[in-house]
2 protein chains.
Amino acid sequence: MMKLSTKGRYGARLMLDLAIHYDDGFVLLKDIAKRQDISEGYMEHLLPHLKAAGLINSLRGARGGYKLAKAPSEISLKEVVQSLEGPLTPAECVVAPSVCKRVSFCVTRDIWKEVGEKISQTLESVTLKDMVEMQKNKGKASLTYNI
Amino acid sequence: MMKLSTKGRYGARLMLDLAIHYDDGFVLLKDIAKRQDISEGYMEHLLPHLKAAGLINSLRGARGGYKLAKAPSEISLKEVVQSLEGPLTPAECVVAPSVCKRVSFCVTRDIWKEVGEKISQTLESVTLKDMVEMQKNKGKASLTYNI
DNA sequence: ATATTTCCTACTAATTTGATAGGAATAGTT
DNA sequence: AACTATTCCTATCAAATTAGTAGGAAATAT
C-alpha cells in the first residue's frame with residue numbers, strides 16, 4: 001500500500017532521538033527504546049544498516065552506546081530512510097530494469113521514476129536538525145495550549 | 001520497501017490501455033491482459049475498485065467489456081492509484097491517528113504527511129491523456145532510433 | 001574478574017501479496 | 001428458446017515479507 005515499513009519509521013524516530021541527545025555522548029539503546037516506546041530487540045536490527053551507511057558510531061561494553069557520526073544538520077532524513085528501506089522508488093523496475101521486459105517502452109516506469117525523485121527531494125530537504133527544531137516547537141505549543 | 005504493489009502498477013497499465021483504446025467502445029479484459037502481459041484472472045481483482053471509484057464502466061455478456069467512464073484527460077493517475085492502493089501516505093498514522101498514541105507530539109508524522117502530499121501532487125498532475133501522449137512519443141522515438 | 005553493552009545469528013508468527021479456480025449472473029446472437 | 005461470450009463474485013492457496021523473540025559471543029570500562 002505504498003507504505004514505509006517499521007524499519008523506516010522506527011529508524012527515523014531512533015535517529016531523531018540520537019539527534020536530540022547529540023551532546024550527551026554515547027546513548028544507550030535501552031534508553032532510546034524506552035523513550036520511543038519501541039522494542040529494544042527489534043530496534044537492534046536497524047542499527048547495522050545505519051552504521052553501514054556511516055550515519056552512527058557505536059561503542060561496545062560498559063559506558064558504550066550509540067551516537068550520530070555527523071552533526072544533526074549534516075544528516076538528511078533521506079539518508080536515514082534510504083539506508084533502511086533501500087531505493088526510494090515506487091517500483092523495482094526503475095532501479096532494476098531487468099525485472100521487466102517492457103522497460104524500454106513503458107510509460108508508467110517513467111512516471112514511477114519521477115515520483116521517486118519527488119520523494120527523494122522531499123526527504124533530502126529535511127535534516128535531523130530541522131526535526132529537532134520541530135520537536136522543540138511542538139513542546140512549546142503543548143505547553144501553551146494544553147495546560 | 002516503500003513500493004507500490006502490483007495493484008497500483010498493473011492498474012496504471014490497465015487504465016493506460018483503456019485510454020489508448022478510448023474510441024473503440026467496450027474493450028475485452030482478455031485483450032488488455034494479452035497486450036499488457038498480465039494474468040487475466042489477477043487483473044480481474046482490480047476492476048471492482050476502479051469501478052467503485054467511478055473510473056470505468058462495464059458491460060456484461062457478449063459484446064461486453066470495459067471502458068473509461070470519463071475522457072482520458074479527466075482522469076488523473078492519482079485517482080487510479082488511490083482507488084487501488086488506498087491513501088497515498090507513507091505511514092498509517094497520518095490518516096488513522098488512533099494507531100499510535102504519539103501522534104500529538106510526533107514530528108515524523110508531520111513529515112510523513114508532507115511526503116504523502118508531494119506524492120499526491122505528482123500523481124495528480126499526470127492524466128491518462130498525458131500518458132497516451134508519452135506513449136506515442138516513445139513509439140516515435142523507437143521508430144527513429146531502433147530500426 | 002565482573003558488569004555492561006554492542007553485535008550476530010537463528011528462529012517464529014502474523015500479515016500481505018500475487019495468483020488460481022469454479023461457477024453465477026447478464027447480455028447479445030441465432 | 002437455446003447458445004455463447006463475457007463480467008462478476010467468492011473461496012482458496014502458496015510464497016514472500018514483516019515484525020518480533022531468543023540466546024549467546026565479543027568487547028570495553030571499572
Side-chain angles (χ1 to χ4, degrees), chain A residues 1-14 18 24-34 36-53 55-69 81 84-87 90-93 99-100, chain B residues 1-14 18 24-34 36-53 55-69 81 84-87 90-93 99-100:
Chain A
M1 285 212 212
M2 196 60 182
K3 296 277 176 282
L4 285 168
S5 71
T6 52
K7 277 195 197 127
R9 287 184 286 115
Y10 289 0
R13 280 159 62 187
L14 192 170
L18 282 180
D24 303 354
F26 284 99
V27 177
L28 295 188
L29 178 55
K30 200 197 317 178
D31 293 339
I32 304 175
K34 205 171 291 173
Q36 296 297 324
D37 199 18
I38 297 173
S39 144
E40 186 182 344
Y42 184 64
M43 207 151 57
E44 211 178 291
H45 291 316
L46 313 183
L47 295 157
H49 295 103
L50 295 166
K51 192 166 188 189
L55 301 178
I56 59 172
N57 290 135
S58 60
L59 183 65
R60 285 175 159 196
R63 295 270 165 172
Y66 297 94
K67 67 176 181 185
L68 297 184
V81 175
L84 292 162
E85 302 267 351
E92 197 62 27
C93 62
V99 299
C100 180
Chain B
M1 284 213 214
M2 198 59 185
K3 297 277 175 282
L4 286 168
S5 70
T6 52
K7 277 195 198 126
R9 286 184 287 115
Y10 289 0
R13 281 159 60 187
L14 192 170
L18 282 180
D24 303 355
F26 285 99
V27 178
L28 296 187
L29 178 56
K30 199 197 316 178
D31 293 340
I32 303 175
K34 205 170 294 175
Q36 295 298 323
D37 198 19
I38 297 172
S39 142
E40 185 182 345
Y42 183 64
M43 207 150 60
E44 210 177 293
H45 292 315
L46 313 182
L47 295 157
H49 295 102
L50 294 167
K51 192 165 188 189
L55 301 179
I56 59 172
N57 291 136
S58 61
L59 182 66
R60 286 177 160 196
R63 296 269 165 172
Y66 298 94
K67 67 176 181 183
L68 298 183
V81 174
L84 292 162
E85 301 267 350
E92 198 61 26
C93 62
V99 300
C100 180

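Here is how names work: the chains are called A, B, and so on, in the same order as the sequence lines, proteins then strands, and each is numbered from 1.
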Look at [X] and [N] and indicate whether a side-chain polar atom (N or O) is within less than 4.0 Å of OP1 or OP2.
X: B:K3; N: D:dT17; value: no
X: B:S5; N: C:dT16; value: no
X: A:K30; N: C:dT5; value: yes
X: A:K51; N: C:dC7; value: yes
X: B:R60; N: C:dG28; value: no
X: A:S58; N: C:dC7; value: yes

- Message: Working note: A:L14 + A:L50, criterion side-chain contact (heavy atoms from CB on, under 4.5 Å); need CA distance, chi angles, decisive distance, verdict.
- Response: CA-CA 10 Å; A:L14 192 170; A:L50 295 166; 4.2 Å; yes
- So which nucleotide from D:dA29, D:dT6, C:dG28 ends up closest to the side chain of A:A62? D:dA29
How many Å lie between [atom1] on [X] and [atom2] on [N], as a whole number?
X: A:N57; N: D:dT28; atom1: CG; atom2: P; answer: 13 Å
X: A:M43; N: D:dT18; atom1: CE; atom2: C1'; answer: 17 Å
X: A:I56; N: C:dT5; atom1: CD1; atom2: P; answer: 17 Å
X: A:K34; N: C:dT5; atom1: NZ; atom2: P; answer: 10 Å
X: A:E92; N: C:dT17; atom1: CD; atom2: C1'; answer: 15 Å
X: B:F26; N: C:dG28; atom1: CZ; atom2: C1'; answer: 13 Å
X: B:Y66; N: D:dT7; atom1: OH; atom2: C1'; answer: 5 Å
X: A:K67; N: C:dT5; atom1: NZ; atom2: P; answer: 17 Å

Can you name the nearest heavy-atom pair linking [X] to [Y], along with the distance?
X: B:G65; Y: B:F26; result: O-CD2, 3.3 Å
X: A:P87; Y: B:K3; result: O-NZ, 3.2 Å
X: A:I32; Y: A:L18; result: CD1-CD2, 3.8 Å
X: A:R13; Y: A:I38; result: NH2-CG1, 3.7 Å
X: B:K67; Y: B:G25; result: CB-O, 3.9 Å

Side-chain donor/acceptor pairs under 3.5 Å, residues 39-48 of chain B, sequence neighbours excluded:
from: B:S39; atom 1: OG; to: B:G41; atom 2: N; distance (Å): 3.4
from: B:S39; atom 1: OG; to: B:Y42; atom 2: N; distance (Å): 3.0
from: B:Y42; atom 1: OH; to: B:T6; atom 2: OG1; distance (Å): 2.8

Measure all distances between protein nitrogen or oxygen atoms and nitrogen or oxygen atoms of nucleotides 19-21 of chain C, and list the pairs falling under 3.5 Å.
from: C:dA19; atom 1: OP2; to: B:Y10; atom 2: OH; distance (Å): 3.4
from: C:dT20; atom 1: OP2; to: B:S39; atom 2: OG; distance (Å): 3.0
from: C:dT20; atom 1: O4; to: B:H45; atom 2: NE2; distance (Å): 2.7

- NA contact type, B:L47, heavy-atom cut-off 4.0 Å: base, sugar-phosphate, or nothing? nothing
